[in-house]
Amino acid sequence: MELKSEKVEHGENPKTVRVVFFSLLLDLLAFTMILPLLPAILDHYKQLDDKRGLYSLILEQIQRVQLYLNAPDRVNSVLFGGCLGSLYSFMQFLGSPIIGALSDVYGRRPVMLLCLIGITSSYVLWALSHNFLIFVLARFIGGLSKGNINLSMAIISDVTSSKTRGRAMALVGIAFSIAFVVGPMIGALFAWNSSKSREGYWFAIPASFALLLSIIDLLYIAYNLEESLPLKYRAKSLASGIQDAIAYINPMDLFQFNGVSGLTSHELHSLRVLGRCYFLYLFIYSGLEFTLTFLTHHFFGFTSMQQGWMFLGIGLTMAILQGSWVRRIPSHKTKTVAELGLWLIIPAFICVGLAKDKLMLYLGVFLFAVSTAMVVTCMMTLVTHTGPENQKGIITGIFRSLGALARACGPIVTSIAFWSIGSTITYLIGAAALVIPPLILRSIHFTQT
């Protein structure tokens, strides 16, 4: 998908870029609403389970290991959450390249509509999830349909030139920033207003609002999105598209960048090393990111509303830094800033892991937000500076697949560690392992253009 979108050279279409931006914003607002609610939702299913459902079946297996490890019962939901988080990301990792291959053959618009129908269906199931099995099915379908994000980037590539593509792609980052500021607060507010006592299906109201946003998004795209990939640029057969997509799913191909051609030996080496650095960073980072809500829920007694305020602080910090400083960083300083951000995530892990009071916790969360604002943007910028122009699409596509794979593995591994050896040891081990990515990045020498 990515490589073909780079080749499209028809006229620019600012209207399509705006349509994609607002669609992403609606989608991400609905997606982020569940973040502060997940620990309470899992506690709800634990209380609701009739000892014969999926939750109890999984819990029985967990308790067998729990007795051996002497893990506390109250953090069992962390392991459930880690499984759900990894399931969602893994389905996105598998689904996105296939969705891209389909869009290469049948066009962006029909496949985008198909994705949004799948996402809407997942919110219908969430709103009606009177047992844990239905909730898991909702997450499964939602993750599999989440290829709309990569598809949005392909559409932007279709309707922009190399000169204007950077500014258009920045809108994707803005949509993420806005959503992660507003979405969690919306979810927390709805949950707080719907039931302070957590009785009944209290999550039905935030789930229904997420469903409403997804329906609006679906109708908005149906009436406003124009096809961005002309027939003459489409793949001739689905078989070839699926074969290309396998390069985004096979980990060996991803880490070796086998799908990229026209690279010098130095460029190929730089990309492979940078890819390993990016994967390791996101693997550990996503574990802290995902388990943070469980830590604050179980050990600091945060309500969904308090977690919403926490996400609001993280989002605002990132948005302010990215809007005022990060986007203005000169090209020759990008690597330096990325290294600094990678070093900053280490004390963030340490502060969160050792936190016995909210002051230390907030310090760690603040450093976490600052580091995030610096690292992801700067590392993706470094990626765009490597390789020939007509291969930039497939290079960034591989990096997004590496990121999705890291996010599929990180939450479950960290959740198992959190559950079995405790949060403090888990975060301190993570902090020690995070020394490696900045050292890897320092060893790479980029030729900036």
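Positions are given from 1, in the same order as the sequence printed here. Note that the structure is a prediction, hence the values are computed from the model and not measured.
- Between Phe418 and Phe299, the ring planes lie tilted relative to each other; the angle falls in the 30° to 60° range.
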Evaluate the criterion side-chain contact (heavy atoms from CB on, under 4.5 Å) for residue pair Leu441 and Leu382; output intermediate values, then yes/no. CA-CA 10 Å; Leu441 185 59; Leu382 289 175; 4.0 Å; yes

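- A donor-acceptor pair is defined here as one N or O able to donate and one able to accept, closer than 3.5 Å; such a pair exists between the side chain of Gln306 and the backbone of Thr303.
- Side chain of Ser443 to main chain of Ile440: a donor-acceptor pair is present (N/O by atom type, distance under 3.5 Å, no hydrogens or angles).
- With 3.5 Å as the limit, one finds a donor-acceptor pair spanning the side chains of Thr296 and Gln307.
- In this structure, the separation between CG on Asn150 and OG on Ser152 is 8.5 Å, given to the nearest 0.5 Å.
- A side-chain N or O of Tyr45 and one of Ser129 form a donor-acceptor pair less than 3.5 Å apart.
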For residues 351-361, dump all side-chain donor-acceptor pairs below 3.5 Å to protein atoms at least two apart in sequence or in another chain.
{"from": "Asp357", "atom 1": "OD1", "to": "Leu359", "atom 2": "N", "distance (Å)": "3.1"}
{"from": "Asp357", "atom 1": "OD1", "to": "Met360", "atom 2": "N", "distance (Å)": "2.9"}

Can you list the steps and then say if Ser103 with Arg108 is a side-chain hydrogen bond (donor to acceptor under 3.5 Å, both in side chains)? CA-CA 5 Å; Ser103 75; Arg108 312 296 192 206; 2.8 Å; yes

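- Aromatic ring pairs are classed by plane angle as parallel below 30°, tilted from 30° to 60° and perpendicular above 60°; the pair Phe80 and Phe132 is perpendicular.
- In this structure, Ile314 CD1 and Leu35 CG are separated by 10.0 Å, a value rounded to the nearest 0.5 Å.
- Considering all non-hydrogen atoms of both residues, Ile416 and Leu79 come closest at CG1-CD1, 3.4 Å.
- Taking 4.5 Å as the limit, some side-chain heavy atom of Leu225 sits within range of a side-chain heavy atom of Ile155.
- Side chains of Thr291 and Tyr427: a donor-acceptor N/O pair is present below 3.5 angstrom, by distance only.
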Quick one, Leu340 with Thr336, criterion side-chain contact (heavy atoms from CB on, under 4.5 Å). Give me CA distance, side-chain angles, the key distance, then yes/no. CA-CA 6 Å; Leu340 177 60; Thr336 302; 5.8 Å; no

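- The neighbour count for Phe300 CZ, taken as heavy atoms of other residues, nucleotides or ligands under 6.0 Å away, is above 12.
- Closest approach of Leu268 to Phe257, counting heavy atoms only: CD1-CB, 4.1 Å.
- Counted by atom type alone, Tyr285 and Thr372 present one or more donor-acceptor pairs between their side chains at under 3.5 Å.
- Using modelled atom types, one side-chain atom of Thr120 and one backbone atom of Leu116 make a donor-acceptor pair closer than 3.5 Å.
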Audit row: Phe176, Phe31, ring pair (Phe, Tyr, Trp, His ring centres under 6.0 Å) steps and yes/no: CA-CA 10 Å; Phe176 271 91; Phe31 168 73; 8.2 Å; no

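- Annotation: side chain of Leu213 is not in contact with side chain of Tyr123 (no heavy-atom distance under 4.5 Å).
- Using a distance-only test at 3.5 Å, with no hydrogens or angles considered, no donor-acceptor pair links the side chain of Lys46 to the main chain of Ile41.
- Other residues, nucleotides and ligands contribute over 12 non-hydrogen atoms within 6.0 Å of the CZ atom of Phe255.
- Aromatic ring orientation, Phe294 versus His298: parallel (interplanar angle below 30°, classes split at 30° and 60°).
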Verdict with reasoning, Phe302 to Thr293, per side-chain contact (heavy atoms from CB on, under 4.5 Å): CA-CA 8 Å; Phe302 275 27; Thr293 55; over 6 Å; no

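- Two residues are said to be in side-chain contact when any heavy atoms from C-beta on lie closer than 4.5 Å; Leu282 and Phe399 fail this criterion.
- Taking each heavy atom of Ser371 and Leu344 in turn, the nearest pair found is CB-CB, 4.1 Å.
- Pairing each heavy atom of Ala433 with each of Pro437, the nearest pair is O-CD, 3.5 Å.
- Between the OG atom in Ser121 and the CG atom in Leu144 there is a gap of 11.5 Å [rounded to 0.5 Å].
- Using a 4.5 Å heavy-atom cutoff, the side chains of Phe135 and Leu84 are in contact.
- Side chain of Asn224 to main chain of Tyr220: a donor-acceptor pair is present (N/O by atom type, distance under 3.5 Å, no hydrogens or angles).
- Remark: side-chain polar atoms of Thr426 are paired, donor with acceptor, to backbone N or O of Ala417 under 3.5 angstrom.
- For the pair Ile412 and Ala408, the tightest heavy-atom approach, listed with the atom from each and the gap, is CG2-O, 4.0 Å.
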The test is side-chain contact (heavy atoms from CB on, under 4.5 Å); show your working for Asn148 and Lys146 and say whether it passes. CA-CA 5 Å; Asn148 67 308; Lys146 211 60 183 173; 3.7 Å; yes

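- With rounding to the nearest 0.5 angstrom, the OG atom of Ser86 is 13.0 Å from the CZ atom of Phe93.
- Side-chain contact check for Val337 versus Trp325: some heavy-atom pair is nearer than 4.5 Å.
- Legend: residues meeting side-chain contact (heavy atoms from CB on, under 4.5 Å) with Cys409, ordered by chain and number and at least two apart, are Phe283, Leu405.
- Heavy atoms of other residues, nucleotides or ligands lying less than 6.0 angstrom from CH2 of Trp343 number more than 12.
- Counting only distance, with no hydrogens or angles, the side chain of Asn131 and the backbone of Ile134 share a donor-acceptor pair below 3.5 Å.
- His130 NE2 to Leu125 CG: the interatomic distance, rounded to the nearest 0.5 Å, is 11.0 Å.
- Distance check: Leu295 CG to Thr424 OG1 gives 8.0 Å after rounding to the nearest 0.5 Å.
- For the pair Tyr88 and Phe140, the minimum side-chain heavy-atom distance is 4.5 Å or more.
- Looking only at side-chain heavy atoms (C-beta outward), Phe209 and Met33 come within less than 4.5 Å of each other.
- Residues Thr32 and Leu29 approach most closely at OG1-O, 3.3 Å, considering heavy atoms.
- Put simply, the side chain of Ile149 reaches to within 4.5 Å of the side chain of Leu28, judged on heavy atoms.
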